[in-house]
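Working notes, beginning with the structure itself.
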Amino acid sequence: MNQSSSQTAFPQAEEGKVKVKNPWYRPVVIFLAAVITMGIIIMVAISVVQYKPLHQKYKYGIVLDAGSSHTSVFIYEWPAEKENNTGMVRQKHTCNVKGKGISSYSNNPKGAGASLQECMQEAKQKIPTHRHHETPVYLGATAGMRLLKMENEEASENVLDSVAHSLKGYPFSYQGARIITGQEEGAFGWITVNYLSENLRKPTGTLGALDLGGASTQITFVPQQEIESHDNSINFRLYGNDYHLYTHSFLCYGKDQVLKLSMGKKLESTLKDDVLRDPCFHPGFNFTRTVQSVFNTPCMKEVKMANENFFHLGLGDWSQCQQSIRKVFNTSFCPYSRCSFNGVFQPSVDGDFGAFSAFFFVMDFLNLTSDTLAGTKQKLATYCSTPWKKMTENHPNTKEKYLSEYCFSATYILTLLEDGYKFTSDNWKDIRFIKKIGDSDAGWTLGYMLNMTNMIPAEAPDTPLMPYGGYVTFMLLFSLLILLLLLLAYMYFRRSTRTAQKDII
Ligand SMILES: O=P(O)(O)OP(=O)(O)OP(=O)(O)OC[C@H]1O[C@@H](n2cnc3c(O)ncnc32)[C@H](O)[C@@H]1O
Ligand SMILES: [Ca+2]
C-alpha cells in the first residue's frame with residue numbers, strides 16, 4: 001500500500017512526460033553570471049592597479065632666492081607618492097627676508113646669515129617636525145652676488161660661508177649655497193613656468209620666460225631658428241620630450257643697474273654741473289644724491305665729478321626718457337645673423353611668453369598688463385608727465401623709491417622688449433605679465449628644486465590607469481551595474497522557477 005501510493009504520487013513525472021527546466025542552464029542566466037563574474041574580476045584588478053591616495057603624505061623642499069635686492073624663502077610641498085608627475089609640486093609658503101639682498105652684507109658677512117633667521121624659523125613651523133630632517137634646503141644667489149664676486153671675490157665667499165653656516169644650523173637637510181649662473185637662472189625660470197602650466201607632457205607649445213630682476217634680466221624660449229652661439233643653448237629631455245632652449249642672461253641689465261647706467265651716462269655729459277635733469281622722473285621731483293651712489297657698481301667705470309653730490313631733478317618727458325635709455329643698448333655690432341644687443345645672438349622671439357618679477361611689479365602697478373603696444377606707450381607718456389606732487393598725493397601708501405622710479409622702469413621695460421628683444425606691435429599680445437601660476441610664484445626657484453631633486457624624469461613615468469576622480473566614479477557606476485544585474489538575475493531566476501513549478505503541476 002505504502003509502496004503503491006508513493007509510486008503514484010507524481011505519475012506523469014515518473015513516466016518522464018514533463019521535463020523540469022533547470023533555470024541555471026538557460027543562456028541568459030549563464031550570460032548574466034559570466035558578466036557578474038567578469039565585473040567582479042575587473043573591479044578587483046582595477047583596485048589593485050589603481051593608485052589610491054587615501055592618506056596623502058606630503059614631502060617638502062626649501063629654496064632661498066638670494067636676489068640682488070632681497071632674499072625670499074620658498075617652501076614647496078608635494079604628495080610623496082606622486083613626485084614624478086607634472087604639476088604636483090606647489091608653493092606652500094613664502095617668506096620675505098627683512099632688509100636688502102645678501103650681497104649688501106659685503107662689509108658685515110655675519111649679518112647675511114643672521115638675516116635669514118626669522119624666515120627659517122617660520123619654515124620650521126610650517127613643515128611638520130617629522131619631515132624636517134628629510135627636507136632639502138638650497139640657497140641660490142643671483143646677479144647681486146655675481147657682481148660682488150667680480151668686485152671682491154673674498155667678500156662674496158665670506159657672505160656665502162655665512163649663509164651656509166646659518167642654514168646648517170636648522171634641522172633640515174642642507175644641500176648647498178652657491179651663486180647660480182645666468183643660464184641656470186633663465187633655464188630654471190622656463191622650467192618653472194612650463195611645469196606649472198602643465199605644458200611639459202603635452203604636445204602643445206611651451207611658454208617663453210622673461211625675468212627682470214634688480215641686477216640682471218633673462219630671456220628663455222624654444223626658438224624656430226638654429227641657435228648660433230653655444231653659450232645660449234640648453235638642451236633638456238623632460239617626460240620623454242626633447243627641448244632645445246635659447247637662453248641669455250644680461251648681467252647689469254636688471255632695473256636697478258640700468259637706472260645707475262643711464263644716470264651715469266647723463267652725469268658724464270654734465271661733468272661740472274651738479275644738477276641732473278632727468279626726463280625719466282616726474283616733473284617737480286627733486287632729490288639730492290651722492291655721485292658714489294650711482295657709480296658704486298662694477299657695471300660701469302667711475303667718472304670723476306667735480307662735486308660729491310648732485311641734484312636729481314625730474315622733467316617727466318617719456319620720449320626723451322626712451323632716447324636716453326636706448327643709449328644703454330649697444331646695437332652697433334653683431335657677429336651673428338641677428339642679435340638682441342651688445343653683440344648677443346638672439347633668434348626671433350616665438351610663441352607666448354610669461355614675463356614675471358619686475359616685469360610684472362611695474363606693469364601691474366601702472367595697469368599696463370593688457371594694452372596694445374601703442375596704447376601702452378600713450379598711457380606711459382601721460383603717466384611720466386604727471387607732477388611728482390600729484391603722484392605722492394595719489395599714492396600715499398606706495399614706497400617713495402618705487403613710486404619715483406615707475407616711469408623709468410616701465411620705459412626701460414618697453415625699450416628692452418621692443419628695441420632689445422625685438423617684440424613688435426603684432427606679437428606684444430603674446431607677452432603675459434604674470435606673478436603666479438596657480439598658487440606658485442613664477443621664478444627660477446621651483447625649476448631649480450625640481451632639477452636638484454630629480455623630480456622631472458627624462459622619460460614619462462607610468463601613470464595610474466585613470467585619474468582618482470574618474471576611478472571613484474567608475475567603481476561606483478560599475479558596482480551599481482552589478483547590483484542591477486544581480487537583481488535582474490534573481491528576478492529571472494524566481495520567475496523561471498515558478499514557471500517550472502507551474503509546468504510540473
Ligand atoms: O634677480 P636679481 O637681479 O638678482 O634681483 P632680485 O631677484 O632681487 O629682483 P626682484 O625680482 O626681487 O625685484 C626686481 C626689482 O623690482 C623691485 N621691486 C620689488 N617689488 C616691487 C614693487 O612692488 N614695485 C616696484 N618695484 C619692485 C626690486 O627692488 C628690484 O629692483
Ligand atoms: Ca631674481
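This chain uses plain numbering: 1 for the first residue, then up along the sequence. Just so it is clear, the structure is predicted and the values come from calculations on it, not from any experiment. All ligand and atom numbering here is 1-based and tracks the order in the structure.
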Quick one: do the [X] and [Y] side chains pair a donor with an acceptor below 3.5 Å?
{"X": "Gln224", "Y": "Asp350", "answer": "yes"}
{"X": "His312", "Y": "Asn286", "answer": "no"}
{"X": "Gln183", "Y": "Ser249", "answer": "no"}
{"X": "Glu418", "Y": "Thr424", "answer": "no"}
{"X": "Tyr253", "Y": "Asn342", "answer": "yes"}
{"X": "Tyr76", "Y": "Thr445", "answer": "yes"}
{"X": "Lys260", "Y": "Asn296", "answer": "yes"}

If you have a sec, work out which protein heavy atom is nearest [atom] and how many Å separate them, to one decimal?
{"atom": "atom 2 (P) of ligand 1", "result": "Ser68 OG, 3.5 Å"}
{"atom": "atom 3 (O) of ligand 1", "result": "Ala215 N, 2.8 Å"}
{"atom": "atom 11 (O) of ligand 1", "result": "Ser357 CB, 3.4 Å"}
{"atom": "atom 12 (O) of ligand 1", "result": "His70 CE1, 3.0 Å"}
{"atom": "atom 10 (P) of ligand 1", "result": "Ser69 OG, 4.0 Å"}
{"atom": "atom 9 (O) of ligand 1", "result": "Gly214 N, 3.3 Å"}

Reference residue Leu238; test side-chain contact (heavy atoms from CB on, under 4.5 Å); the match among Leu200, Asn194, Leu450: Leu200
Check each atom of ligand 1 against the heavy atoms of [X] and keep those under 4.0 Å away; list them by number with element.
{"X": "Thr142", "result": "1 (O), 2 (P), 4 (O)"}
{"X": "Asp256", "result": "30 (C), 31 (O)"}
{"X": "Leu212", "result": "11 (O), 14 (C)"}

Closest by any non-hydrogen atom to atom 7 (O) of ligand 1: pick that one out of Gly67, Ala143, Ser103, Gly254.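 That would be Gly67.
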Heavy-atom nearest option to atom 26 (N) of ligand 1, drawn from Phe356, Trp444, Tyr402: Tyr402
Are any of the N or O atoms of Ala358 closer than 3.5 Å to those of ligand 1? no
[X] to ligand 1, any heavy atom closer than 4.0 Å:
{"X": "Glu185", "value": "yes"}
{"X": "Val362", "value": "no"}
{"X": "Phe365", "value": "no"}
{"X": "Ser216", "value": "yes"}

Would you mind telling me if ligand 1 is within reach of the side chain of [X], the backbone, both or neither, using heavy atoms under 4.0 Å?
{"X": "Tyr406", "result": "side chain"}
{"X": "Asp211", "result": "neither"}
{"X": "Lys255", "result": "side chain"}

Report yes or no: does Tyr170 contribute a side-chain atom to a donor-acceptor pair with the main-chain N or O of Ser173 at less than 3.5 Å?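 No.
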Any side-chain to backbone donor/acceptor pair from His395 onto Leu403? Under 3.5 Å, distance only. no
Test His248 against Gln218 for side chain to side chain donor-acceptor pair (under 3.5 Å), laying out the working first. CA-CA 6 Å; His248 191 80; Gln218 287 74 233; over 6 Å; no
Shorter than 2.5 angstrom, is that how the SG atoms of Cys119 and Cys95 come out? yes
